[in-house]
Amino acid sequence: MIETKELKNRRKRLMDMIGSDSIAILPTSSVVVRNRDVEFPFRPDSDFFYLTGYPEPEAVLVLIPDREEGECILFCRESDEKLETWHGRRSGLDGAVNIYAADDAFPIEDMDDILPGLIEGHDRIFYNMGSDQNFDQRVLGWVNQIRGKVRAGIIAPDEFISLNHFLHEMRLYKSRYEIKLMRQAAKISAKAHRRAMQNCQPGMYEYQLEGELISEFIKNGARYTAYPPIVGSGPNACILHYTNNSDEIADGDLLLIDSGAEYQCYASDITRTFPVNGKFSKAQREIYNLVLSAQTAALNEIKPGNHWNDPHDAAVRVLTEGMVELGILKGNPEDLIKNKDYAKYYMHRTGHWLGMDVHDVGDYKLDGEWRMLEAGMVMTVEPGLYLSANSEGLSEQWRNIGVRIEDDVLVTKDGYDILSKDAPKTIDEIEELMANAA
Ligand code: GLY
Ligand code: MN
Ligand code: MN
């Protein structure tokens, strides 16, 4: 569990930014029903969890800078022996204070009675409208209740401000503790990718390899995936968000696996592509090595001071020039880049921020310009080529080759560190691992 010192520090930094005269209200996620009487596993809201470390549902964090009786208040579930016998342990109000370092804790059932009194006297409410309509209505109800009392000299807030700007800027720069968890998430996922490569056989079904991945995650303490695994063979490797994972894996095809574990609420996001029978064909080899060169070129652009888009530009250049050399695209690479002709086969961007959310928070542009990379940011680098059989004019030899290579990368003060480096990546590494598994 996170040290309370780090939690308190995060709250303090946020409160310094929002200033006194303000109150911040952050509910955790709602429990979602999967089918009658059965709920989806609960996952706390990332912003809420970042500030509280509190893993249980039905909780709301309230931050009130400069409140003398305590700045950090948690509304949460009380201990309840009977309910805990049925549904599991609760940390209760004492736990909220003693484990999660809240200054004060109140029962969640009492929030309607207590929270309006806490909001009173503040000019601004920092609250993210729009993600939970029911909660939005409650917040508006509390404010209207206070506005009804302004003639009695009570100050009612007249400004709603999103917390995103301040909080997401904080979340973009990972602490040592966060990097440790992200390294572990990537390590577990890399192990799972190795296991999938070792277990893959023509004639298996895609979901059977999904089973190998998930088993490895859980065995290593990562109960949940950061996103649904993509296990796509042959033509399915060319469907970017393929998650059916239902087809038989055919000899001679490539298999694309995009799968990452979530470890203690931190995501990993790794893609590897390998030949089902353990040996790349000549055409598969050409495309694979081209994507790998594009990834290397992108990685070489990762250092403090370079811009967010530099790795993407480098990958696009290598992919476009390579496709011209292989005869997949015709024309001058400069023009093909300018006109975005490469996007017929490379239609997504080269990466995204990674953190508690797989597509993590943080602005990519500041004042209209791509932002600079800085030490402590974590991003993916994931170029690909998707040569679908439906592509007009594509020669037979390239059809149904879909390749993506995706790693999780920490920006360091001198360059970068690949968190997912344990997943085999070169053709030799992959073929050797698969040959030795047979
Ligand atoms: N797995 C989601 C992504 O690569 O962005
Ligand atoms: Mn990704
Ligand atoms: Mn991915």
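No hydrogens, no waters, no symmetry mates; every other heavy atom, side chains included, goes into these values. Note that ligands are numbered from 1 as they come in the structure, with each ligand's atoms numbered from 1 the same way. For reference, positions follow the sequence shown, starting with 1.
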Original post:
Taking the N/O/S atoms of His352 one by one, which is nearest to the Mn ion (ligand 2)?
Top reply: NE2
Original post:
Within the structure, does Asp269 bring an N/O atom to less than 3.5 angstrom of an N/O atom in ligand 1?
Top reply: yes
Subject >> the Mn ion (ligand 2) - closest N/O/S atom in Glu382 >> reply: OE2
**OP:** Check whether any N, O or S atom of His359 sits under 2.8 Å from the Mn ion (ligand 2).
**Re:** no
Original post:
Against heavy atoms of His359, which atoms of ligand 1 measure under 4.0 Å?
Top reply: 2 (C), 3 (C), 5 (O)
Original post:
Glu406 heavy atoms, cut-off 4.0 Å: which ligand 1 atoms fall inside?
Top reply: 4 (O)
**OP:** Using a strict 4.0 Å threshold on nitrogen-to-oxygen distance, state whether Arg317 and Glu321 make a salt bridge.
**Re:** yes
Subject >> Asp258/Arg272 salt bridge by N-O under 4.0 Å criterion >> reply: no
Original post:
Less than 4.0 Å between a side-chain N and a carboxylate O, is that true for Glu169 and Arg371?
Top reply: yes
Original post:
Are Thr52 and Leu7 close enough that some pair of their side-chain heavy atoms sits under 4.5 Å apart?
Top reply: no
Original post:
Glu301 and His307: side-chain donor and acceptor closer than 3.5 Å?
Top reply: no
**OP:** May I ask you to check if Arg10 and Tyr50 form a cation-pi contact, with NZ or CZ under 6.0 angstrom from the six-membered ring centre and within 45° of the axis?
**Re:** yes
Original post:
Given atoms OD2 of Asp269 and OE2 of Glu406, what angle do they subtend at the Mn ion (ligand 2), to the nearest 10 degrees?
Top reply: 80°
